[in-house]
S.K.: 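First the structure, then my questions, so here it is.
These numbers come from a predicted model, not from an experiment.
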Amino acid sequence: QVQLVESGGGLVQAGGSLRLSCAASGGRTFSTYSMGWFRQAPGKEREFVAVISASGGSTYYADSVKGRFTISRDNAKNTVYLQMNSLKPEDTAVYYCAADKNWLRASMSRRDYDYWGQGTQVTVSS
């Protein structure tokens, strides 16, 4: 069983930056998981933010964050990151990281993910 723990969230002013981390433990094959970030704002459905393939060779982003957010991973540290720059109030949400055991894909659908963290709150003030 894979445990995922997000960290790095907090309160930041519009235009600022945060880096989220997601540390994986309890698994034996982190390097074979594609890893995604999703977010959920109050009253809204959990939405795709970014995904990185198992090797780190491919990344995909939601249009709303493209050019501002960067997903990366360090398989040696069993950790995936989300660098968030130029933050906007509409980025305010709980951010979740997720692992997909199907390493052949880099899915944008939450239904394809097998393991989830409990989330970290990001609040962007103006």
Side-chain angles (χ1 to χ4, degrees):
Q1 297 294 317
V2 174
Q3 307 295 320
L4 303 174
V5 180
E6 302 95 337
S7 62
L11 177 64
V12 65
Q13 291 183 322
S17 298
L18 285 173
R19 189 182 76 159
L20 305 183
S21 298
C22 174
S25 62
R28 295 172 289 179
T29 53
F30 176 80
S31 63
T32 70
Y33 301 156
S34 59
M35 298 293 297
W37 285 97
F38 294 77
R39 67 186 183 186
Q40 188 167 21
K44 300 182 69 175
E45 196 164 293
R46 192 170 300 186
E47 66 178 359
F48 169 77
V49 175
V51 62
I52 186 166
S53 62
S55 69
S58 299
T59 59
Y60 302 93
Y61 299 90
D63 288 343
S64 59
V65 307
K66 196 171 299 181
R68 299 188 297 121
F69 291 10
T70 303
I71 188 170
S72 62
R73 68 191 295 161
D74 186 340
N75 285 345
K77 297 181 178 179
N78 288 355
T79 301
V80 63
Y81 306 95
L82 186 68
Q83 179 67 45
M84 305 185 295
N85 298 327
S86 301
L87 283 161
K88 305 174 181 179
E90 51 262 45
D91 295 317
T92 295
V94 177
Y95 283 71
Y96 299 88
C97 100
D100 178 6
K101 292 190 293 185
N102 191 336
W103 62 276
L104 295 175
R105 66 188 175 198
S107 178
M108 299 180 185
S109 174
R110 65 185 185 276
R111 291 172 292 184
D112 288 329
Y113 288 82
D114 301 285
Y115 304 103
W116 293 84
Q118 292 191 320
T120 185
Q121 177 71 47
V122 172
T123 303
V124 184
S125 64
S126 60

S.K.: Could you report the tightest heavy-atom contact between Ser126 and Pro89, atom names first, then the distance?
M.R.: CB-CG, 4.1 Å

S.K.: Quick one: pull up OG in Ser34 and CG in Asn102 and give me the separation to the nearest 0.5 Å.
M.R.: 7.0 Å

S.K.: Where is the tightest heavy-atom contact between Val94 and Gln121, given as atom of each residue plus distance?
M.R.: CG2-OE1, 3.2 Å

S.K.: With a sphere of 6.0 Å drawn around CD of Glu90, does it hold more than 12 non-hydrogen atoms of other residues, nucleotides or ligands?
M.R.: yes

S.K.: How are the rings of Tyr96 and Trp116 set to each other: parallel, tilted or perpendicular (split at 30° and 60°)?
M.R.: perpendicular

S.K.: Quick check: closest heavy atoms across Cys22 and Met35, and the distance to 0.1 Å?
M.R.: SG-CE, 4.3 Å

S.K.: Do Gln118 and Val5 come within less than 4.5 Å of each other through their side chains, counting heavy atoms only?
M.R.: no

S.K.: Let me see the working for Arg39 and Asp91 under side-chain contact (heavy atoms from CB on, under 4.5 Å), right down to the final yes or no.
M.R.: CA-CA 9 Å; Arg39 67 186 183 186; Asp91 295 317; 2.9 Å; yes

S.K.: For a quick test of your reading: what N or O donor-acceptor pairs under 3.5 Å do the side chains of residues 54-63 make, sequence neighbours left out?
M.R.:
unit_1 : atom_1 : unit_2 : atom_2 : d
Ser55  : OG     : Gly57  : N      : 3.2
Tyr61  : OH     : Ile71  : N      : 2.9
Asp63  : OD1    : Lys66  : NZ     : 3.2

S.K.: Going by the angle between their ring planes, with limits at 30° and 60°, are Tyr115 and Tyr33 parallel, tilted or perpendicular?
M.R.: tilted

S.K.: Which heavy atom of Gly119 sits nearest to which heavy atom of Glu6, and what is that distance?
M.R.: N-OE1, 2.9 Å

S.K.: Who passes side chain to side chain contact (heavy atoms under 4.5 Å, CB included) against Ser21, sequence neighbours left out?
M.R.: Ser7, Arg19, Thr79, Tyr81

S.K.: Restricting to non-hydrogen atoms, name the atom on Asn75 and the atom on Phe30 that form the minimum distance, rounded to 0.1 Å.
M.R.: OD1-CE2, 3.2 Å

S.K.: Are Leu82 and Ile52 connected in a single hydrophobic cluster, I mean Ile/Leu/Val/Met/Phe/Trp/Tyr linked by side-chain heavy atoms less than 4.5 Å apart?
M.R.: yes

S.K.: Taking atom CD as the centre, does Glu47 end up with more than 12 heavy-atom neighbours from other residues, nucleotides or ligands that are less than 6.0 angstrom away?
M.R.: yes

S.K.: For Leu87 and Phe69, run side-chain contact (heavy atoms from CB on, under 4.5 Å): C-alpha distance rounded to whole Å, both residues' side-chain angles, the deciding distance at 0.1 Å, then the answer.
M.R.: CA-CA 9 Å; Leu87 283 161; Phe69 291 10; 3.9 Å; yes

S.K.: Can you tell me how far CD of Gln83 sits from CG of Leu20, rounded to the nearest 0.5 angstrom?
M.R.: 8.5 Å

S.K.: Going through the distances and angles, do Asp114 and Asp100 end up as a side-chain contact (heavy atoms from CB on, under 4.5 Å)?
M.R.: CA-CA 5 Å; Asp114 301 285; Asp100 178 6; 3.7 Å; yes

S.K.: Looking at Tyr95, is its backbone amide N or carbonyl O close enough to the side chain of Thr120 to form a donor-acceptor pair, meaning the two atoms are under 3.5 Å apart?
M.R.: no

S.K.: Mind checking whether Val122 and Trp37 sit in one hydrophobic cluster, side chains of I, L, V, M, F, W, Y counted as touching below 4.5 Å?
M.R.: yes

S.K.: So does Ser107 get a backbone contact from the side chain of Tyr113, meaning a donor-acceptor N/O pair under 3.5 Å?
M.R.: yes

S.K.: Hey, any chance Val80 and Met84 share a hydrophobic cluster, counting ILVMFWY side chains that come within less than 4.5 Å of each other, even indirectly?
M.R.: yes

S.K.: State, to 0.1 Å, how close Arg105 and Asp112 come at their nearest heavy-atom pair, and which atoms those are.
M.R.: NH2-O, 3.3 Å

